[in-house]
S.K.: 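Once you've had a glance at the structure underneath, I'll fire off some questions.
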Amino acid sequence: MKIKFIGTGSGITSLKRFHSSLLFSEPKYKLLIDAGDGISKALLTQKISFNSINGIVISHLHPDHFSGLSSLIVQMKISGRRNDLNIFIHNNLVKLIKIYLYQSYIFNERLGFKLNYVGFEHEERIKLTTELSFISKQNSHLDHYKAFDKGNTLSFSCSSFLFQYRDKDIFYSGDMGGKNDLYLFGDTKPKVLITEISHIDISDILTILRSFEKGKIILTHISDEDEIKLERLFNSLNKKELKRITTAYDGLTISI
Ligand SMILES: [Zn+2]
């Protein structure tokens with residue numbers, strides 16, 4: 001299986017990076033993780049055909065992870081898509097996504113392909129193929145907004161993911177509330193840990209690198225300012241550690 005970083009930027013729009021998004025590709029399935037502002041152009045830049053994507057999973061509803069979804073679906077329609085598209089999203093958000101797409105004048109009967117909404121619960125295993133599946137857990141990224149939701153109308157669902165491909169685990173932090181979210185999956189020792197770095201400190205990255213003995217760490221969700229923070233991190237690492245940690249860039253592809 002291959003993982004391609006379609007975008008590696010933070011929530012701050014940048015000329016250097018598209019907003020964070022990943023594409024998991026195995027022979028039978030292509031899964032896009034997050035579809036923020038600019039996702040269609042980011043996919044074009046990486047020469048990914050819109051219609052080769054079988055499913056999209058949305059981690060949470062911040063615009064840098066979600067607001068390109070309706071535009072991407074429109075591009076799929078325009079380019080003559082016929083194959084089904086699965087949208088994986090936490091159960092609490094399914095209704096809202098349906099309304100959002102409807103309000104974007106996306107009508108099922110005009111699309112030319114079927115949109116399947118696959119709602120999931122946290123900790124529920126979602127199987128994509130016989131070899132690829134994922135579970136999600138609620139993280140604390142959106143917790144600080146709760147006090148502002150006076151009418152209690154919002155869902156604060158925000159996921160971190162543990163993907164399983166054959167016997168290998170891949171942890172994707174999604175956007176986090178802080179370092180504790182890096183340990184959501186307890187003792188699991190993933191082969192690859194893909195973590196965002198905008199909401200944690202350098203010291204937290206160092207700690208996880210040192211406690212996480214064998215796996216590789218890939219850093220993403222990087223603002224222009226974060227690049228300075230990363231330079232400091234890399235200057236403090238020894239040779240062995242440097243081999244296990246990589247800064248993602250748009251287009252980086254790894255094989256699992
Ligand atoms: Zn973000």
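In each ligand, atom 1 is the first atom listed, and ligand 1 is the first ligand listed.
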S.K.: Counting backbone and side chain alike, does His65 bring an N/O/S atom below 2.8 Å of the Zn ion (ligand 1)?
M.R.: yes

S.K.: Where the side chain of Ser133 meets the backbone of Lys127, is there a donor-acceptor pair that is under 3.5 Å apart?
M.R.: no

S.K.: Have a look at Asp64 and say which of its N, O or S atoms is nearest the Zn ion (ligand 1).
M.R.: OD2

S.K.: Strictly under 6.0 Å, is that where the ring centroids of Phe185 and Phe171 end up?
M.R.: yes

S.K.: With a cut-off of 2.8 Å, does His221 place any N/O/S atom under that distance from the Zn ion (ligand 1)?
M.R.: yes

S.K.: If hydrophobic clusters are built from ILVMFWY residues whose side chains come within less than 4.5 Å, do Leu193 and Tyr165 share one?
M.R.: no

S.K.: Are side-chain N/O atoms of Ser20 and Glu196 paired as donor and acceptor at under 3.5 Å?
M.R.: no

S.K.: Tell me which N, O or S atom of Asp175 sits nearest to the Zn ion (ligand 1).
M.R.: OD2

